[in-house]
Structures are given as structure tokens and as C-alpha cells.
Visitor: 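Take this structure first; my questions come after.
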Amino acid sequence: MTRRGGRVTGIDPTPNQLASAKAFSAEHGLDIRWVQGFGENLPFPDASFDFAISEYGAALWADPERWVPEAARILRPGGQLVFYTNAAFSTTCLADGEDAKLETQLKRPYFDLYAVDWGVKDGPVEFHIPHGRWIEILTGAGFAIERLVEIQAPDNAESPFDWADPDWASRWPMEEAWVVRRSS
Ligand SMILES: C[S@@+](CC[C@H](N)C(=O)[O-])C[C@H]1O[C@@H](n2cnc3c(N)ncnc32)[C@H](O)[C@@H]1O
């Protein structure tokens, strides 16, 4: 986006991630503003961005009831938000535990989805919510939904993750991209 003429700001709460991002943007000669902060509490003024994107960042690790209204706040009317995360359907097909893998049986109630800790003591919490809840939160924050792209893995797909079976992901939705626009 910087190369296409955009003025880009990146935000992450983790100093080491920011250090890597700074090193890569310097290596590629890209002028990007890096800011430390959380998706739930963005240190930016209202209506100050045209476009926002989250790829397994706030979209996975932050509470959607908090980060989605924040994204709406910092976007100008007509601004677009795109985010990419796991499909709720795939979360229902994963049992608790560090060794769990995608299965062809439902392993947890769909309607209980929210803050998922995978039953791992002191493990991370990921936010996975049903589609109906995404629609409520997005429209409630003032977004119009333009697309929900359910990603289907192609025949020759490979995965670096033990739990994420490409054959499974060629038959059921494992990941999805939401494309929404702030109503004017
Ligand atoms: C899987 S990485 C993906 C980041 C980015 N899309 C990339 O490809 O490098 C997840 C990132 O989300 C960040 N993160 C965790 N909690 C967050 C939050 N509440 N708000 C924003 N980012 C968060 C982590 O520090 C980490 O850098």
C-alpha cells in the first residue's frame, strides 16, 4: 500500500513484533509509521483513516465487541475495513487441547463461541463468534457488509500447521475474509 501511494500506519501491542516490522520496512525502503497499541483502544483520532486491515491480528486476538467499534470510529464515512480470521465453523470442529486437529465431527457448541481458550492452562484466548453475531456487531457499529469470502483450499494446498489439514479446508470453510464499509 505504501508503494501504491498510501500513507500507512501499522499498530501492534508487542514490542518485538514492532521491531521486526520496523526492520522489514527499513530493509524494503518503505516509509511506514509504526505505533504500539491495542486494536480495542486505538490511539488515533476519529475519522482519520480511509482503509483498515487486520489479518489474524485484532481480528483474532481482540474482543470484537470492542475492536470493531474502534475500527468504525477511526474510519472516515465510506472507509473500508477488511479482516481475515478463522471461520467459526472450523472452530466448532476443533476439540480443546494443544494437540487438537480439525475433525469431521462437531466438537463444541456453535452458540457458545466467543472467547475460546482451547482448554490450555495459561494459554492464549482467541475470539471466534458465529456469523450472526459478526453481522450484529458490524452493522451495530455502522458498517455495511459488502462481502464474506469463505476461503476454500485448492487441491495442491499445503499447511505449515499440524492442526490445519488442507484436505479438510478444501471441503469446509477454515478461513474467511470480511469486507465491510462504514456507512456515511
Ligand atoms: C499472527 S500475528 C499476525 C500479524 C500480521 N497480520 C502479520 O502477518 O504479521 C498476530 C499479531 O496480533 C497482535 N495482537 C495481539 N493482540 C492484539 C490486539 N489486542 N490488538 C492488535 N493486535 C494484537 C500480536 O502482537 C501479533 O503481532
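Since this is a predicted model, take the numbers as computed values, not measurements. Atoms within a ligand are numbered from 1 in the order they appear, just like the ligands themselves.
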Visitor: Would you mind running through ligand 1 and noting each atom that sits below 4.0 Å from a heavy atom of G57?
Guide: 12 (O)

Visitor: Give the contacting part of P13 toward ligand 1: side chain, backbone, both or neither, where contact means a heavy-atom distance below 4.0 Å.
Guide: side chain

Visitor: Taking atom 2 (S) of ligand 1 as the point of reference, which of Y56, F127, Y84 owns the nearest heavy atom?
Guide: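 Of the listed residues, Y56 has the closest heavy atom.
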
Visitor: Within 4.0 Å of atom 9 (O) of ligand 1 (strictly less), any protein heavy atom?
Guide: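 When distances to the protein are checked, atom 9 (O) of ligand 1 has no heavy atom within 4.0 Å.
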
Visitor: Using the ring centroid of each side chain, check whether F83 and W134 are separated by less than 6.0 Å.
Guide: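 That pair passes the under 6.0 Å test.
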
Visitor: Answer yes or no: does atom CD of E27 have more than 12 heavy-atom neighbours from other residues, nucleotides or ligands under 6.0 Å?
Guide: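 Atom CD in E27 is crowded, with more than 12 foreign heavy atoms closer than 6.0 Å.
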
Visitor: Suppose I only count heavy atoms of E40 and a 4.0 Å limit; which atoms of ligand 1 are within that range?
Guide: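 Counting atoms of ligand 1 from 1, those under 4.0 Å from E40 are 18 (C), 19 (N), 20 (N).
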
Visitor: With I135, which residues qualify under side chain to side chain contact (heavy atoms under 4.5 Å, CB included), at least two apart?
Guide: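 Counting only residues at least two positions away or on another chain, I135 forms a side chain to side chain contact (heavy atoms under 4.5 Å, CB included) with T139, I145, W178.
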
Visitor: Which atoms from ligand 1 have a heavy atom of E55 less than 4.0 Å away?
Guide: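 It comes down to these atoms of ligand 1: 3 (C), 4 (C), 5 (C), 6 (N), 7 (C), 8 (O).
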
Visitor: Side chain or backbone of Q17 under 4.0 Å from ligand 1, or both, or neither, by non-hydrogen atoms?
Guide: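 Only the side chain of Q17 comes within reach of ligand 1.
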
Visitor: Look at atom 16 (N) of ligand 1 and say which protein heavy atom is nearest, naming residue and atom and giving the distance to 0.1 Å.
Guide: W61 CB, 3.3 Å

Visitor: Near G39, which atoms of ligand 1 are under 4.0 Å from a heavy atom of that residue?
Guide: 18 (C), 20 (N), 21 (C)

Visitor: CZ/R181 to CG/L81 distance, rounded to the nearest 0.5 angstrom?
Guide: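 The CG atom of L81 is 10.5 Å from CZ of R181, to the nearest 0.5 Å.
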
Visitor: Go through the steps for Y56 and E175 under the test side-chain hydrogen bond (donor to acceptor under 3.5 Å, both in side chains), then give the verdict.
Guide: CA-CA 10 Å; Y56 287 100; E175 300 185 289; 2.5 Å; yes

Visitor: With a 6.0 Å cut-off (strictly less than), is the heavy-atom count around CZ of R7, excluding the residue itself, greater than 12?
Guide: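 Counting neighbours around CZ of R7, 12 or fewer heavy atoms of other residues, nucleotides or ligands fall under 6.0 Å, so no.
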
Visitor: So if you build clusters from Ile, Leu, Val, Met, Phe, Trp, Tyr with side-chain heavy-atom gaps below 4.5 Å, do W118 and L102 land together?
Guide: yes

Visitor: Do ligand 1 and A62 have nitrogen or oxygen atoms that lie under 3.5 Å from each other?
Guide: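 No; every N/O pair is 3.5 Å or more apart.
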
Visitor: Nearest protein heavy-atom contact for atom 11 (C) of ligand 1: which residue, which atom, what distance?
Guide: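 Protein heavy atom with the smallest distance to atom 11 (C) of ligand 1: D12 OD2, 3.7 Å.
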
Visitor: Under the criterion side-chain hydrogen bond (donor to acceptor under 3.5 Å, both in side chains), I'd like the reasoning laid out for N16 against T14: C-alpha separation, chi angles, the key distance, then a yes or no.
Guide: CA-CA 6 Å; N16 284 353; T14 313; over 6 Å; no

